[in-house]
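Input: a single structure, listed below in structure tokens.
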Amino acid sequence: MTEKLDLDDIQGNILRAYGGQGFPKARYVFFNVQNAAKGRRFVEQLRRRITTAARWDNPKQGRPFHRGHHPRLVDAVRAKGLADYPGEVRLTKPRVAINIAFTFCGLMALDMPTRTLREMPDEFIDGMERRAPVLGDTAYLDRRDAIWRNSHGETQVHILVSLNAEMQPDGAPVAELDAETAWLERLCAESEGGVVLLRGHGPDDASYQAMSAVLTPGPDGVPIPSNKEHFGFSDGFGDPVFEGQFTPQAEALRVVGGGKIDGDQTWLPLAAGEFLLGHPDEAQEIPGAAMPIDFSRNGTFMVYRKLHENVGSFSDYIAAQSAIYGRVVGIADPGQAADTLRAKIVGRWPDGVPLMNAPTHKDWKAFQARLAKATAADDKAELARIAADYVNFKYRPDPVGNRCPVTAHMRRMNTRDMLDPAFGSKNPKDWNGSVLNNRRRILRRGLPYGAVDAAAPSDAGEHGIVFIAYCSSLFRQFEFVQQQWIQYGLDFNAGSDTCPLLGNHDGEAKFVIPPDIDSDAPPFICDRVPQLVEPRGGDYFFVPSMTALRMIGMGIVDPT
Amino acid sequence: MPNLDGGHYFLTVLAPIDNSRVVEHDGMRSSPVHMVRDALETLPTALQSPATESIGLNSPFSRNTRTHFARFAVLDDVFYNGRDPADSIVTAVLGPSPILAQPVDSLACPYLLFVADFDPDGKGGDEPRTYLESLWDIMPRELEAVFRHCYGFDTVTDRAAFADFVIARQVETTMPFNDYWVGAPPLPSLWPWLLGPPVVAVLIAAGLVFGPPHILHAAPWVQILVWLVLLLGTVWADYGLVMMLGKRPFPAAPNATLPHVLKSLYLQQAFTRFATEHQGDDPATLRRAFAAFVEQTQPDNLAGPTQGPGVVRSRIGQGA
């Protein structure tokens, strides 16, 4: 029997990608605990307001297939009159979703028992700063926001409270967001110095990290939140699908392209234990976790990582490099060469259409035409097929990377069947599916911050993406992907080449684009890729279940 | 498997450390094995990570181009695996009682392990002697710091004595690891050898059947015994042949000496830079540029330009 999750016990931010689900605005607020008892009282007051993963009634739900910029699988499910989200309706969708998480030092400051603390994983105990050599952050530590540079002693980050909010028609967050922020400040004041709100975000020393989906003008000039990030790419397609996350009907549809590829090449949901502690994982066992088990179960770990995007460098680089690229591979139109180069770097065209299903500029335009036609005709069946085409592909048909370069950003982050030891075998009986990828998946829940002037992109300024990820092992999942697949290329037979988008580029960084199928052009080598993304700080957090949160707040964690 | 394999010499040395004394140094009194560790931990490793690159002190082994890999380690003692395994029912009936102590094996002294994978001198010299002598020439102070607390090192005063000292402590390398064959090496087929014993056995059998002893007239148990001996003898002979042939060294991989490896690493990086910079050139320009590239990089000249030993990159694009 597939797993049925206790949705009322799991925090809502783990199962729901708030940013794409009606909460395009966010404030992340960080606290230091100076007194354990007062800190626990603070937690207890917050606990009553935490948004769980329970199914909610959304009065404004509707307009399937036409809300965003591309058709989505959730709409395909709803178009059939089926529920996408599992469980019974227990909540009304809040205007602001509130969630909480703790650093290791935060748990220590709240007086958690030594036995519970010492069973926490090494990397969580270390925190993101001490993992800098693993993550490739060493050169950027001095450029972090003050809150992270000063995260020591009495200004150490202990608690994260996230506020994800709905948006008003003018693009501003709903008024409730200010009210919740003021409430948090009041709780701090009432703690009589027990809990201190930490400032230090961005150049203005802000008291929270503000985030917002990139807004694009819709019809009538009303801003619509998009899934774009500041380089101009649509993001968030490849999120893993795991057991218990969806209704069986929705799972059957979503698992294709989102789950794991079994040995017989069928798509299956990943094990829930890859994303929630205390559940069987992809090793087909329940992994060890800090005791008591009800402290860990239904909780998970979270990565918070503020990434500045050098949009000026990216724009200049694409302009200069695409001129050479167009000449070498024979694309005369400069705009077309630039679009193709961008797509080759990411693995998707700027609107998210994957190279694997639209390898050339012509194919991309054909895909867009197909979408426009289906949208105009409101052809739900065709829209559902198009929604699937954003995620439904394997890499076996493209071993050399003629469609999507082997070291493109998307192909590195989710290798699908590419690392199958029998990838090159012609005999399907030898094939192992995505077995070497299944334990490296993460749930991505980030949102952009700041704004960019698209007409004059500049590296300077306060803009980027707050990368947020959930996984049950930071070491095995997030850190592995960061160290081996972003900052190294050996698994892709690409030596020391790093990710062309997120990797560290040491001045000699290159990115190799194999020629199109049937083209006699040589491979193209992108030369001296500039540093496109720079970490501005962050940390690792434990996201407890509601049970664990009660135990923390009441001070009754008992590992014996 | 032998010490010399695949064209490389795999040296394994176990040198006992005299840990019975106390070393007075810098106003402190330390055990000799402590001093050995101190020497090893302050010996620079190659410049192959951001940390060592920033220190900038290269491994002394990089002072010549003979060593592929070298490793030192201290073996304090044999590992204790717990009591001898026994079936609990058998023990309950026959003993020994689990509450009786069993002896725990221990080494008489710690050992210094030294393993190195190096190129033979190529002139038919006596190995590992010429290698050890060359090592003494390039890093005598470091070797002295590492080996000085080993039994018998007080006799080492020059390169010949150092080679004598190490060779006396050498053990056979039984499982060398050779990574320079990119495909399977051309090995002669074993079949002509393996067919020999069966052919001989068939001839003997034919002699026994048709010849004067007329084995078919013998008692049945004698017949069974004779055929069994013949069968087992054949298997044993083939097994012996496989083991004997397996002891022959692997042939040397082509172009696998350290200077070859360093030159190819250099060329790989230089060619990547060349290919990147000349993308889209017309054939005539490309041809001229490639001629200049060949002239500058001299692919057949191992002496240079090339990558230095003990570093992880050539930094072609940065003018190095």
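Note that the structure is a prediction, hence the values are computed from the model and not measured.
Residue contact with chain B, scored on non-hydrogen atoms closer than 4.5 Å, is absent for A/Y325. Neither the backbone nor the side chain of A/P133 comes within less than 4.5 Å of any heavy atom of chain B.
No more than 12 heavy atoms of other residues, nucleotides or ligands shown are found within 6.0 angstrom of CG on A/D520. Atom CG of A/D142 is surrounded by 12 or fewer heavy atoms from other residues, nucleotides or ligands within 6.0 Å. Annotation for B/D282: atom CG counts as buried by contact number, over 12 foreign heavy atoms lying within 6.0 Å. Enclosure of atom CZ in B/R83 by more than 12 non-hydrogen atoms of other residues, nucleotides or ligands within 6.0 angstrom is indicated. More than 12 non-hydrogen atoms from other residues, nucleotides or ligands lie less than 6.0 angstrom from OH of A/Y140.
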Test side chain to side chain contact (heavy atoms under 4.5 Å, CB included) applied to A/V329 and B/Q279, step by step:
CA-CA 10 Å; A/V329 303; B/Q279 296 185 95; over 6 Å; no
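Test A/V512, A/I324, A/I525 against B/T276 for side-chain contact (heavy atoms from CB on, under 4.5 Å) and you get one pass: A/I525.
Rounded to the nearest 0.5 Å, atoms CZ (B/R273) and CD (A/E508) are 6.0 Å apart.
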